[in-house]
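Data block below; observations after.
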Amino acid sequence: DATRGTNLSTVGEFIKENTNVAAQYLKDIPAGQVSHFDDIGLGEGKTIEVDSEKLAVYRDAQSQLHICSAVCTHMKCIVNWNNAEKTWDCPCHGSRFMIDGSVIEGPAILNLERKSIDPTTGHLLHTGGKTSGEREINNPIT
Ligand code: FES
(Lines give C-alpha, C1' and ligand atoms only; values in the text may rest on other atoms or scores of the structure.)
Protein backbone atom coordinates (compact mmCIF):
# COMPACT_ATOMS: atom_id res chain seq x y z
CA ASP A 1 0.00 0.00 0.00
CA ALA A 2 1.02 3.63 -0.34
CA THR A 3 1.98 4.09 3.26
CA ARG A 4 4.22 1.07 3.27
CA GLY A 5 5.85 2.09 0.01
CA THR A 6 6.64 5.52 1.38
CA ASN A 7 8.20 4.15 4.48
CA LEU A 8 10.22 1.53 2.66
CA SER A 9 11.71 4.09 0.29
CA THR A 10 12.51 6.24 3.29
CA VAL A 11 14.50 3.39 4.75
CA GLY A 12 16.19 2.79 1.41
CA GLU A 13 17.27 6.41 1.21
CA PHE A 14 18.41 6.21 4.76
CA ILE A 15 20.77 3.35 3.97
CA LYS A 16 21.99 4.82 0.69
CA GLU A 17 22.71 8.30 1.87
CA ASN A 18 23.81 7.86 5.41
CA THR A 19 27.51 7.15 5.46
CA ASN A 20 27.58 7.56 9.22
CA VAL A 21 25.65 4.40 9.92
CA ALA A 22 28.37 2.58 11.77
CA ALA A 23 26.67 -0.56 12.93
CA GLN A 24 28.54 -3.60 11.66
CA TYR A 25 25.42 -5.33 10.49
CA LEU A 26 24.68 -2.57 7.99
CA LYS A 27 28.01 -2.73 6.24
CA ASP A 28 27.33 -5.54 3.78
CA ILE A 29 23.86 -4.45 2.80
CA PRO A 30 23.55 -3.10 -0.75
CA ALA A 31 22.09 0.38 -1.06
CA GLY A 32 18.33 0.38 -0.98
CA GLN A 33 17.99 -3.31 -0.23
CA VAL A 34 15.15 -2.81 2.12
CA SER A 35 14.29 -6.48 2.32
CA HIS A 36 17.76 -7.12 3.68
CA PHE A 37 17.24 -4.27 6.05
CA ASP A 38 14.18 -6.10 7.28
CA ASP A 39 16.09 -9.35 7.41
CA ILE A 40 18.66 -7.99 9.79
CA GLY A 41 15.86 -7.36 12.20
CA LEU A 42 15.48 -3.62 12.42
CA GLY A 43 11.80 -4.23 12.94
CA GLU A 44 12.68 -6.12 16.09
CA GLY A 45 14.37 -3.07 17.51
CA LYS A 46 18.00 -2.15 16.95
CA THR A 47 20.39 0.46 18.13
CA ILE A 48 22.39 2.16 15.40
CA GLU A 49 24.61 5.21 15.20
CA VAL A 50 23.71 8.16 13.00
CA ASP A 51 25.61 11.44 13.03
CA SER A 52 27.47 10.18 16.09
CA GLU A 53 24.26 9.74 18.03
CA LYS A 54 23.18 6.31 19.20
CA LEU A 55 19.59 5.63 18.25
CA ALA A 56 16.99 3.09 19.30
CA VAL A 57 15.07 2.19 16.14
CA TYR A 58 11.94 0.09 15.92
CA ARG A 59 9.81 -0.62 12.86
CA ASP A 60 6.24 -1.53 13.75
CA ALA A 61 3.84 -3.87 11.96
CA GLN A 62 2.64 -0.95 9.81
CA SER A 63 6.22 -0.42 8.65
CA GLN A 64 6.47 2.82 10.57
CA LEU A 65 9.88 3.62 12.01
CA HIS A 66 10.09 4.83 15.58
CA ILE A 67 13.38 6.50 16.36
CA CYS A 68 14.59 7.61 19.78
CA SER A 69 17.92 8.34 21.33
CA ALA A 70 19.31 5.06 22.70
CA VAL A 71 20.90 6.93 25.58
CA CYS A 72 19.12 6.20 28.84
CA THR A 73 18.02 9.39 30.54
CA HIS A 74 19.10 8.10 33.94
CA MET A 75 22.90 7.85 33.64
CA LYS A 76 23.48 7.53 29.89
CA CYS A 77 23.83 3.78 29.41
CA ILE A 78 22.66 2.44 26.03
CA VAL A 79 19.30 0.73 26.08
CA ASN A 80 18.75 -2.78 24.71
CA TRP A 81 15.75 -4.14 22.84
CA ASN A 82 13.54 -6.48 24.83
CA ASN A 83 11.74 -8.47 22.17
CA ALA A 84 9.48 -10.32 24.59
CA GLU A 85 8.05 -7.11 26.03
CA LYS A 86 8.65 -4.85 22.98
CA THR A 87 10.41 -2.34 25.16
CA TRP A 88 13.77 -0.65 25.39
CA ASP A 89 15.43 -1.77 28.61
CA CYS A 90 18.47 -0.24 30.23
CA PRO A 91 21.06 -2.80 31.34
CA CYS A 92 22.53 -0.56 34.03
CA HIS A 93 19.77 0.05 36.55
CA GLY A 94 16.67 -1.39 34.95
CA SER A 95 14.86 1.58 33.48
CA ARG A 96 12.43 0.61 30.74
CA PHE A 97 10.92 2.61 27.89
CA MET A 98 8.16 2.13 25.34
CA ILE A 99 8.98 2.17 21.60
CA ASP A 100 8.10 5.86 21.49
CA GLY A 101 10.58 6.49 24.29
CA SER A 102 8.07 6.95 27.10
CA VAL A 103 9.30 5.85 30.49
CA ILE A 104 7.64 2.68 31.81
CA GLU A 105 9.87 2.08 34.84
CA GLY A 106 12.56 4.07 36.58
CA PRO A 107 14.95 5.00 37.97
CA ALA A 108 14.89 7.15 34.81
CA ILE A 109 12.22 9.82 35.06
CA LEU A 110 12.63 11.37 31.61
CA ASN A 111 11.54 9.84 28.32
CA LEU A 112 14.09 8.86 25.69
CA GLU A 113 14.52 11.78 23.32
CA ARG A 114 12.61 11.29 20.08
CA LYS A 115 14.58 11.67 16.87
CA SER A 116 13.80 12.08 13.19
CA ILE A 117 15.90 11.28 10.14
CA ASP A 118 15.74 13.33 6.96
CA PRO A 119 14.69 10.82 4.29
CA THR A 120 16.72 12.50 1.56
CA THR A 121 19.98 13.06 3.40
CA GLY A 122 19.88 10.31 6.00
CA HIS A 123 20.97 12.80 8.62
CA LEU A 124 19.26 13.53 11.87
CA LEU A 125 16.74 16.32 11.79
CA HIS A 126 17.02 18.83 14.56
CA THR A 127 13.59 20.30 14.71
CA GLY A 128 14.17 22.58 17.62
CA GLY A 129 11.43 20.80 19.48
CA LYS A 130 11.41 19.74 23.05
CA THR A 131 14.38 17.85 24.34
CA SER A 132 14.04 15.02 26.78
CA GLY A 133 14.85 17.43 29.56
CA GLU A 134 11.83 19.52 28.67
CA ARG A 135 9.40 16.70 28.34
CA GLU A 136 6.78 15.81 30.80
CA ILE A 137 8.30 13.73 33.52
CA ASN A 138 6.17 10.68 33.01
CA ASN A 139 3.57 9.45 30.63
CA PRO A 140 0.72 7.80 32.44
CA ILE A 141 0.47 4.17 31.42
CA THR A 142 -3.15 3.22 31.09
FE1 FES B 1 19.76 3.50 32.57
FE2 FES B 1 20.53 3.91 35.07
S3 FES B 1 21.57 4.43 33.26
S4 FES B 1 18.75 2.94 34.38
Side-chain angles (χ1 to χ4, degrees), residues 3-142:
T3 304
R4 182 172 176 82
T6 300
N7 286 323
L8 290 181
S9 84
T10 297
V11 176
E13 290 296 323
F14 167 64
I15 297 170
K16 215 174 355 185
E17 302 290 342
N18 189 350
T19 55
N20 290 326
V21 173
Q24 179 65 42
Y25 62 81
L26 288 178
K27 286 188 178 158
D28 297 325
I29 299 171
Q33 290 294 320
V34 175
S35 62
H36 291 208
F37 206 54
D38 288 340
D39 289 345
I40 62 167
L42 190 66
E44 299 302 315
K46 289 287 179 186
T47 54
I48 61 172
E49 190 164 314
V50 177
D51 295 343
S52 301
E53 290 197 41
K54 289 193 167 48
L55 304 178
V57 181
Y58 177 77
R59 186 214 289 269
D60 68 20
Q62 287 71 44
S63 202
Q64 188 75 38
L65 286 175
H66 301 266
I67 306 173
C68 296
S69 169
V71 179
C72 179
T73 55
H74 179 229
M75 292 179 71
K76 301 188 186 305
C77 289
I78 301 303
V79 296
N80 293 324
W81 179 242
N82 176 342
N83 196 46
E85 303 281 346
K86 305 288 191 232
T87 57
W88 294 105
D89 295 357
C90 183
C92 290
H93 313 101
S95 291
R96 300 178 61 225
F97 304 88
M98 294 168 59
I99 59 170
D100 69 354
S102 304
V103 173
I104 302 170
E105 290 179 29
I109 56 172
L110 298 174
N111 299 334
L112 298 177
E113 188 176 355
R114 288 189 213 189
K115 301 286 187 179
S116 302
I117 291 175
D118 184 321
T120 57
T121 67
H123 289 290
L124 282 174
L125 284 172
H126 294 284
T127 57
K130 291 181 177 180
T131 69
S132 60
E134 295 165 330
R135 284 176 182 279
E136 288 185 24
I137 294 229
N138 224 329
N139 277 9
I141 310 293
T142 52

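Just so you know, ligand 1 is whichever comes first in the structure, and atom 1 is the first atom listed for that ligand. Numbers for residues simply follow the sequence, beginning at 1. Given the structure is predicted, the values throughout are model-derived calculations rather than measurements.
Considering only residues two or more places apart in sequence or on other chains, D89 meets the side-chain contact (heavy atoms from CB on, under 4.5 Å) condition with N82, T87, R96. Partners of S95 according to the side-chain contact (heavy atoms from CB on, under 4.5 Å) rule, which considers only residues two or more places apart in sequence or in another chain, are C72, H74, C90, F97, P107, A108. K54 pairs by the side-chain contact (heavy atoms from CB on, under 4.5 Å) definition with E49, A70, I78, not counting sequence neighbours.
How far CG of L112 is from OG of S69: 6.5 Å, rounded to the nearest 0.5 Å. Separation of atoms NZ (K115) and CD (E53) is listed at 3.5 Å; rounding is to 0.5 Å.
Protein N/O/S atoms closer than 2.8 Å to atom 1 (Fe) of ligand 1, listed by chain and residue number, are C72 SG, C90 SG.
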